[in-house]
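Worksheet: one structure, shown below.
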Amino acid sequence: MPDEWDIDDAFIITPSGKKICDFKRLNLHVLGYSEAVDKLLSLDELKAHLHTLKDLPNAVPYATSYYERRWGFCIAKNELDTLEAGTYHAVIKSSFNPNGHLRYARIFIPATQKTDETILISTYLCHPQMANNELSGPVVWANLVRFVKSLNTRRYNYEFVITPETIGSICYIHENFSRLKQNVKGGFVLTCIGDEREYGLVLSPDEQRLSDKIALHTIKHLTNKPKIYSFKERGSDERQYNTPALDLGVVALSRSKFGEYKEYHTSLDDLSFISQKGLNGGFLYARNCILNLETNAKFLLNTICEPNLGSRGLIRTLSLGKNHEAHMILRDFLAFCNGKNDALKIAEILGSQLYKLRPIIEVLLKNNLIKEVK
Amino acid sequence: MPDEWDIDDAFIITPSGKKICDFKRLNLHVLGYSEAVDKLLSLDELKAHLHTLKDLPNAVPYATSYYERRWGFCIAKNELDTLEAGTYHAVIKSSFNPNGHLRYARIFIPATQKTDETILISTYLCHPQMANNELSGPVVWANLVRFVKSLNTRRYNYEFVITPETIGSICYIHENFSRLKQNVKGGFVLTCIGDEREYGLVLSPDEQRLSDKIALHTIKHLTNKPKIYSFKERGSDERQYNTPALDLGVVALSRSKFGEYKEYHTSLDDLSFISQKGLNGGFLYARNCILNLETNAKFLLNTICEPNLGSRGLIRTLSLGKNHEAHMILRDFLAFCNGKNDALKIAEILGSQLYKLRPIIEVLLKNNLIKEVK
Amino acid sequence: MPDEWDIDDAFIITPSGKKICDFKRLNLHVLGYSEAVDKLLSLDELKAHLHTLKDLPNAVPYATSYYERRWGFCIAKNELDTLEAGTYHAVIKSSFNPNGHLRYARIFIPATQKTDETILISTYLCHPQMANNELSGPVVWANLVRFVKSLNTRRYNYEFVITPETIGSICYIHENFSRLKQNVKGGFVLTCIGDEREYGLVLSPDEQRLSDKIALHTIKHLTNKPKIYSFKERGSDERQYNTPALDLGVVALSRSKFGEYKEYHTSLDDLSFISQKGLNGGFLYARNCILNLETNAKFLLNTICEPNLGSRGLIRTLSLGKNHEAHMILRDFLAFCNGKNDALKIAEILGSQLYKLRPIIEVLLKNNLIKEVK
C-alpha cells in the first residue's frame, strides 16, 4: 500500500514572471504522486519534467506515477513550444503520509425479502476533473441509488460502491472478500457513461454470467449497433471484480469507453464532452439492466395442458379467421414456462425486452396460472 | 369441459324470401357453438350477428365461440353488401348437451420386439370442411397407419391418434397422461399437409429432441428451402403435447402451415387448394421421418482397427490410383461407429439420408463388423 | 495377416525384344503383391494384366492387390498405345513367405520429468518411390526426431513410429494397444508434407481433442487459407489410431493431402513434386505443433486482485495518456489465468501463437505471479 499523497499547490514561474501550470486553475497540470519540489532550473532542465501529447497539442495530458518518487508537470504541447529560455521556478507543495487513509463509500439497499443475493454497482472517484472518464460515473451512480431505493420491491440486495479506481477497489475487495465472493450474483461498473456516442459494454471473462446476459439483452433494446467488448478490452474496476480468485462476473457499462476516444485521459475530456442527454441515456441503460434483473426468474405453468384463457377473461372468446395478435404474447409466454427457461430467455424468444413483460407475468401469477420456481 | 354442441340446421330468410347462409350448403355459415335462435330482425340488428372478412371479400370466414353463449352467421363480404333493407328471419336449430361426449380415435401398432418406447402420430378432426387445414391431416394420417402396419420390423410402438383439435388432445392427454409421459419418445402432428407449397415444420420447445433431429434431417433431403419454425410459431396439437408438464418433444409437420396462407380458416381453403400430388408429398415427408426413426440406433465397431473389407468380399481387392468411391461409404460409416454417435449423426456427416444407409447397416451387422449398443 | 511378399525382378519382353515395365528402373511397374509369373502371351492376353490411367496418359499408376493372388503390371497409357501385336514374355520373380516379418521402427524420447503422458508422431514407409506421398513423411519425421531430442525440457514423452501404412500401424497397435490407449494424449500423422502447396490437416473424429486444438491453432498462424478436413477425408494411419476402440485423437498434418492432387499414387509424384522449401515448411508446421503443445498448460494467478507490475519492475511506473501497448500483453495474459483456461485458449483470445508467449509465462512464473495447475 503506497503512502497517501497530499497536495496543496503547484505552479511554475517563467523567466518573465508568468505563472504557468497552475494547479489551482487545472489540477491535471501536476503529475500525480509528484514529490515536493522548490527549484530553479533552466528550460532544458525543466523540460525533463514536463509531459505533453504530440497528437493533441492543445491538450494537457493526465499522467500519474505508480508509485515511484518523481516529480513533473503536464502541459499542452502548444504552450510548451512558446516557452522562452531562462530560469524557471518549479514549485510543488506535496507530501506523503505513511499513516494516510484510502476512503471509499458503500451504500447497501436491502432486498424486499431477506436474502444474501446481492448485485454490485460500482464506480470510481479519483480524477473527476475529467468529465466522461470519470465524472459521468458518479453522476449516473448517484441517480441509480435513488432509483433502486424508490423500487417497491427488490429481488436482490444492492451494494453501491464508489472508490478511487484500481487501488480503491483492491482495498474494498481485500476488506470484503468472503462476503462479496459468497453473495454477489453479478454487477455493473459504470464508466465513461455521460456522452452521446454509442452504448457499449465489456463482458466478464467467461461471457456467460447473469450480468453478461442481462447487459447484452438490455443494450440490444437500446441500440442496433452496440459495442460489445471482450474482457481483453477491460480497463476499469471490472479488472479487479473479475480476477480469478473473486470472479464476480461483473460487466462494465459505458458509452464512449476508456481508450476508445481521443480525448480520453486529457484535459479535453471536459464538461463539453458530456451532456444532460448523454447522462440520461447512460442512466436509462443502467436502470434497464436493473429492471431486467429484477424481472428475471423461472416460472412453471400450473396446468397440465394449455389453460383456457377465454374463460378467465384474459383473451377474447370469439375466434375469427386469424389469431388475435394482441393476446398471443400471453399464450407465447406460457408456452415456454417450463421452470427451466428463465424469463430472460423467454423474452429473447418473444423479441420483447424482459421488464416490459412484467405486467403479463403479474397477471399470470395473480390468476394462479404460473408459479415461480428456483 | 364445455357442453356438447349439436346442430341440425341454420339459415337466414331475406325480406324477399331467399334462403342465405344455408348451413346445409356450407356449414361454415354458422358461427361455431351458436345457441339456438328463431327471430325476426331488421338488417341492422342482423348485421351485429354477421361475421365477414374485409381482406377476402369472397371468403366465408371460419369462426367459433370459445365457449361463450352467443349466436351468429359467417358470410362473404361481397354477399353482405348486396343485402337489402327489411325484415330477416334468422334460424339456428342447435342445442347444448351437458351429458355429451367427446370422441377420439386411437390406433396402437406394437413394435416387433416388446418395448414401451412409443412414437405418437397425431392429427385432428373438427372442421374437415376446410381442405388443407384440416382434411389433409386425416388423409395422410390414414395412409401412414397403413404404411406402419406394413413394415416388417418396428423398433417402436406407434400410437396414432385423431381428435378434435385442442379440446380433444387435452382430453386425450388427461386420460393417458402417465402412459404418454413415460413411453413416448417423440412424435409428429400432421397438419396442413396436402398442398403443393414448401415443406415446413414447427420445432419442439427445446429444438434438440429426437423428433426435432429426425424431422430436420428428413426435410433437408426433401427440399433446399425448408420452412423451419420455432415453437413460438406453434398452432396445432403440438401445443398440448409439448406443454411443460408433458413435454413429449413433438414436432408439427406441414406444407403450407396454419396462419401462413391467406386462405387459412376460410371457405377458400377448399378442395382446390390441395391435390393428389400435394398429399403424396405430405405422405412421403411423414413416411421418411418414420423410416429415418426406424433406422436410427447406435453402433459400435467390433474390430480393434479397420477391418479388412476386401477379404470379406465387401470391397474390391485391387487398389488402383484413387480410392474406389463406390465402396467408400462402407468404410466411412464404420469410421464413425464409436457407439456414441447415433446413425443419424453419421448420416449427416456422410451427407446421406439415414434410411438409405439401411442396406449398408444390414451388411455390416450380418458380417458381425458392428453391433448395436444402447 | 497376409504372407510376406518378396520380389527380385519383373519385366516384359516385347515381340521386338524390347524390355518394358522394368521393375529395376521403376518399381511401380509391378502390381504390388503380384504372384510369380513367367509366361508367353498375346497382346490381348497381356492387356488383361496391364493397369493404366486414362486421365493421366503419361503416368504409371501405383496399384496393389489387397491381398488376393493375381499378377499385373502398371504402364503409362501413352506407352500402352504404342504396343505392337505379337507374343509378349511376362516375367515376375516374386515369392510369398508365410513366415515373413513386418518391420517397424519406434523411437521413444522421454519427458524431462517422469510421466506417462505421451505424444505419438507417426509416418509410414511402404512406397517411398513416390515423393510427396510418401518420402516427405519420413524426411520430416526424421528431422522432428532430432528437434525433439534437442529440446531442453519436454512436458511429454514422444513416441516416434514409422511403419508400412495401414498394415504396419495395425500391427503396431495390436502389439502396444494398452500402453497406447492409456498414455497417448494426442499425436500427429505426417503425410504428403513436402510440396509447396497449402497447409492442411485432417481432424480427429470428435474434432475437439488436444491435437485438434493444437493443430488448428498452429495452422492458423502459418496460413490464412488452411485446408481443414473432417475425419471423413481421412486416409493415412490416423484411420487406425482413431478407431473407436483406441481413439487416440490423432490429427494428420499435410500440405497437398492424399487424394487431393492429381499426381497422387502415380509415377508423377516424384522428386520434382517436392522441394527443400516445401519440406522446410512441413517441418516448421510439425515443429510448431510440438512447441505449442509443450507451452500449453493451465495457470492460476497467485494474487487476489491484479498484481502491481510496476513495483516488480515488469512495466513502466509512469502512466501517460494511453495504456502502454507494449506491456499490455503481460496484463492480458494474467487477466485470463483462472486455472481453468489453458494457455492455448488465452493465446487465442490474445491473438498470439501460443509458443511465442513462452517468455512471458516464464517471467510470470519466476516472479511467482502465477502457478501451474493441473
Side-chain angles (χ1 to χ4, degrees), chain A residues 297-354 357 360-361 364-365 368-374, chain B residues 1-2 31-34 51-56 59-70 72 74 166-174 177 180-181 204-207 230-235 237-247 258-260 262-269:
Chain A
K298 290 179 178 171
F299 299 99
L300 182 62
L301 183 65
N302 281 330
T303 57
I304 287 186
C305 292
E306 287 186 324
N308 186 333
L309 299 178
S311 70
R312 287 168 174 90
L314 298 176
I315 62 168
R316 289 198 308 161
T317 57
L318 182 67
S319 164
L320 174 62
K322 320 291 171 182
N323 283 314
H324 353 129
E325 292 297 330
H327 295 301
M328 275 311 288
I329 197 154
L330 216 75
R331 296 179 172 208
D332 286 345
F333 189 85
L334 286 177
F336 294 98
C337 281
N338 65 358
K340 285 173 250 167
N341 298 324
D342 59 11
L344 179 62
K345 185 172 173 189
I346 301 178
E348 295 269 345
I349 293 169
L350 304 195
S352 167
Q353 184 158 194
L354 174 51
L357 297 178
I360 284 173
I361 295 171
L364 294 173
L365 285 168
N368 204 25
L369 289 172
I370 56 172
K371 62 169 169 255
E372 188 174 334
V373 293
K374 268 293 154 192
Chain B
M1 192 72 184
L31 173 74
Y33 219 70
S34 276
H51 303 287
T52 191
L53 288 173
K54 277 179 209 151
D55 297 344
L56 291 172
V60 178
Y62 167 62
T64 304
S65 175
Y66 294 108
Y67 288 91
E68 212 173 291
R69 296 288 163 95
R70 50 164 74 91
C74 297
T166 304
I167 195 170
S169 55
I170 291 175
C171 287
Y172 166 65
I173 288 168
H174 274 269
F177 185 82
L180 291 173
K181 177 111 188 130
S204 82
D206 91 3
E207 305 192 353
S230 85
F231 192 63
K232 193 186 158 195
E233 307 302 322
R234 75 208 174 283
D237 286 327
E238 74 279 7
R239 287 155 41 203
Q240 314 309 327
Y241 297 126
N242 289 321
T243 44
L246 190 56
D247 192 25
F258 37 82
E260 300 287 318
K262 69 177 181 353
E263 298 86 350
Y264 172 73
H265 270 194
T266 78
S267 58
L268 300 182
D269 183 357

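Chain A is the first sequence line, chain B the second, and so forth, proteins listed ahead of strands; every chain is numbered from 1. All heavy atoms count here, side chains included; hydrogens, waters and symmetry mates do not.
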ask   = Can you name the nearest heavy-atom pair linking A:Glu306 to B:Thr243, along with the distance?
value = N-CG2, 3.7 Å
query = Going from CD1 on B:Ile173 to CD1 on A:Ile304, what distance comes out if it is rounded to the nearest 0.5 angstrom?
reply = 9.0 Å
key: Partner residues of A:Pro307 under the side-chain contact (heavy atoms from CB on, under 4.5 Å) criterion, sequence neighbours left out   = A:Leu301, A:Thr303, A:Leu309, A:Arg312, A:Leu334, A:Leu369
task = Quick one: pull up CD1 in B:Ile167 and SG in A:Cys305 and give me the separation to the nearest 0.5 Å.
result = 11.5 Å
task = Answer with side chain, backbone, both or neither: which region of A:Leu350 has an atom nearer than 4.5 Å to a non-hydrogen atom of chain B?
result = both
inquiry  = Please classify the contact of B:Phe177 with chain A as side chain, backbone, both or neither, using a heavy-atom distance under 4.5 Å.
reply    = side chain
query = Does B:Asp206 have any salt bridge (charged side-chain N to carboxylate O under 4.0 Å, His left out) partners at least two apart in sequence or in another chain, and if so, which?
reply = B:Arg209
request  = Identify the two heavy atoms, one from A:Cys337 and one from B:Pro244, that lie closest to each other, and give their separation to 0.1 Å.
outcome  = O-CG, 3.2 Å
request  = Kindly compute the distance separating NZ (B:Lys232) from CD1 (A:Ile329), expressed to the nearest 0.5 Å.
outcome  = 7.5 Å
query = What part of B:Asp247 gets closer than 4.5 Å to chain A, counting heavy atoms only: side chain, backbone, both or neither?
reply = side chain
